[in-house]
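Per chain, numbering begins at 1; letters A, B, ... match sequence-line order.
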Amino acid sequence: MLLVITYSRAARQSLRNVCRAHEDSVVRRFGRAALLEATEFGAFQALRLQAKHGIDVQVERVEPFVESDVPERVREAATAYENRDQASVPYRQFASGTDHPSPESLRETDV
Amino acid sequence: MILRVDGRTFCGAVVDLRDVDIDVAGDGAAIAAAIRGGDSCCGVHCPPASPVHARAGYVRPGMGLSARTALAEAGRSRGLDTPSDDELATVRSELAALGEDDTERPSAPTTAPDADRERVRERVAELRGRVQALEATDRDASDARSKLRDAARRLSELETTRVAAVETRERSRTLRDRRERRLELQDRAANLERDARASLVDELRDEFAAAVDSLQKGGAGDAGANHLDRDDPFDIDPVTAALAILRIAAVRAPVVLTVDRFERPAAAAQWLEAPLVRL
């Protein structure tokens with residue numbers, strides 16, 4: 001999908017107009033951003049906006065998040081932490097002395 | 001005021017041009033523009049116009065009017081404050097400190113996909129191996145060497161482009177951070193301005209309704225239809241609203257009037273408490 005983010009009132013208005021006119025190509029709308037279908041038509045609209053508003057329009061390609069792309073230990077840690085007994089325990093404390101990865105090691109590893 | 005129209009000069013707090021041979025619509029607009037300090041074929045010497053003039057300073061049949069916005073301007077012209085003013089001033093000064101829109105427009109350089117670079121990198125390694133093998137066995141390596149040079153140059157170009165792309169991305173991020181902040185502030189300012197406007201309108205609503213009533217009672221029989229059962233004082237024709245707003249506003253620059261709502265121009269000027277040009 002194409003993530004289009006706007007950085008000025010004029011660009012935001014243009015994005016709204018595009019979204020309104022081409023609902024079929026819009027996956028999701030946010031305040032000043034929208035996810036467009038990754039089709040040539042979606043790209044065409046994104047490029048149009050960029051041609052009109054320059055740096056006030058940012059376009060990024062976004063991939064769907066697939067849970068299985070994430071190592072199992074990370075998924076397990078997330079589930080375990082959400083099921084913790086004491087809500088006030090920070091993750092660092094929760095993970096120490098267990099097999100769960102530390103916040104540092106999580107930060108250092110790309111997925 | 002001193003007013004010059006079509007080479008003729010008029011003076012006084014009330015200028016009546018009804019018996020002067022001029023184009024009412026065209027010259028009315030030109031005089032109103034001159035009063036606001038805009039480009040105009042007419043000349044006028046008068047105190048500076050207030051923002052109310054831009055909205056209601058030219059009262060004519062068929063005019064449009066954002067009555068609430070104009071009424072809020074009228075309140076401002078009288079020096080009224082609102083609870084939003086302090087924060088609005090802070091937001092505006094922060095916006096001003098952010099500076100004008102940057103003219104810098106880093107264009108996203110078109111970069112080859114990583115796969116392309118990897119392919120060229122492999123090609124360079126392969127050619128390097130071939131050159132070494134040929135040289136080791138004393139065979140002619142000149143052709144392979146020239147291919148290696150080309151591939152190495154291509155790889156270096158791709159690397160340079162990639163570095164430039166990364167730099168551009170970082171630069172764009174910085175610029176966009178600033179724009180994001182500006183957009184937040186602009187939205188905040190717009191909300192505060194709306195609040196301020198609402199507060200001013202609220203404060204002046206009764207006064208506005210009274211001015212509208214007084215206009216409708218004081219002659220102007222054609223407006224009588226609006227008189228009954230009016231819950232919303234803003235549900236009124238633009239001419240009446242504009243006159244009521246001008247009465248409320250502190251107006252020092254002349255008002256241009258081309259409608260018959262008063263018996264005499266002097267009566268209009270007195271009711272509006274403003275200098276007047278009547279066409």
Side-chain angles (χ1 to χ4, degrees), chain A residues 1-21 25-66 69-70 107-111, chain B residues 66 69 84 87-88 90-118 161-162 164-197:
Chain A
M1 290 169 288
L2 301 175
L3 174 63
V4 181
I5 309 169
T6 59
Y7 290 84
S8 70
R9 311 186 104 199
R12 179 173 62 189
Q13 191 53 52
S14 296
L15 176 64
R16 281 182 188 154
N17 292 344
V18 164
C19 288
R20 208 167 299 135
S25 306
V26 180
V27 181
R28 196 70 70 203
R29 287 172 62 176
F30 312 100
R32 57 187 182 90
L35 274 175
L36 306 184
E37 297 269 17
T39 59
E40 286 192 344
F41 189 75
F44 167 76
Q45 297 299 345
L47 288 170
R48 254 185 68 199
L49 289 167
Q50 209 160 44
K52 189 171 179 188
H53 298 287
I55 195 168
D56 286 339
V57 174
Q58 180 183 1
V59 184
E60 300 287 341
R61 187 194 277 276
V62 180
E63 286 175 30
F65 175 70
V66 183
D69 288 348
V70 179
R107 281 198 188 91
E108 282 162 8
T109 321
D110 290 338
V111 292
Chain B
S66 311
T69 311
S84 312
E87 192 184 347
L88 192 52
T90 311
V91 170
R92 280 188 183 142
S93 83
E94 199 180 334
L95 262 174
L98 274 179
E100 280 306 297
D101 260 8
D102 317 276
T103 46
E104 188 180 359
R105 301 268 158 175
S107 58
T110 45
T111 52
D114 284 353
D116 276 14
R117 227 172 44 248
E118 204 42 52
T161 318
R162 199 185 67 85
V166 170
E167 277 169 6
T168 304
R169 210 157 29 232
E170 282 166 2
R171 181 73 195 129
S172 298
R173 185 174 287 182
T174 311
L175 287 174
R176 284 180 178 137
D177 282 349
R178 199 149 74 218
R179 273 148 199 273
E180 185 164 48
R181 180 71 189 136
R182 176 181 298 135
L183 186 55
E184 279 169 13
L185 290 169
Q186 284 171 339
D187 285 347
R188 183 74 195 128
N191 282 335
L192 289 167
E193 278 160 12
R194 208 170 302 134
D195 292 349
R197 207 153 51 226

CG of A/Asp56 to CG of B/Leu183: how many Å apart, nearest 0.5 Å? 8.5 Å

Rounded at 0.5 Å granularity, tell me how far CZ in A/Arg9 sits from CZ in B/Arg182.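 Rounded to the nearest 0.5 Å, the CZ-CZ separation comes out at 12.5 Å.
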
Just wondering, are more than 12 heavy atoms of other shown residues or ligands nearer than 6.0 Å to CZ in A/Arg20? yes

Heavy-atom contact with chain B under 4.5 Å, split by part of A/Val57: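 The backbone, not the side chain.
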
Max heavy-atom pair count under 4.5 Å with chain A, selected residue of B/Arg176, B/Glu180, B/Glu184: B/Arg176

For A/Arg12, what residues pass the salt bridge (charged side-chain N to carboxylate O under 4.0 Å, His left out) criterion, not counting sequence neighbours? B/Asp187

Is any residue of residues 34-43 of chain A within less than 4.5 Å of chain B by heavy atoms, and which ones?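 Counting heavy atoms that sit under 4.5 Å from chain B, no residue of residues 34-43 of chain A is involved.
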
So which atom in A/Ile55 and which in B/Leu175 form the shortest heavy-atom distance, rounded to 0.1 Å? CD1-CD1, 3.4 Å

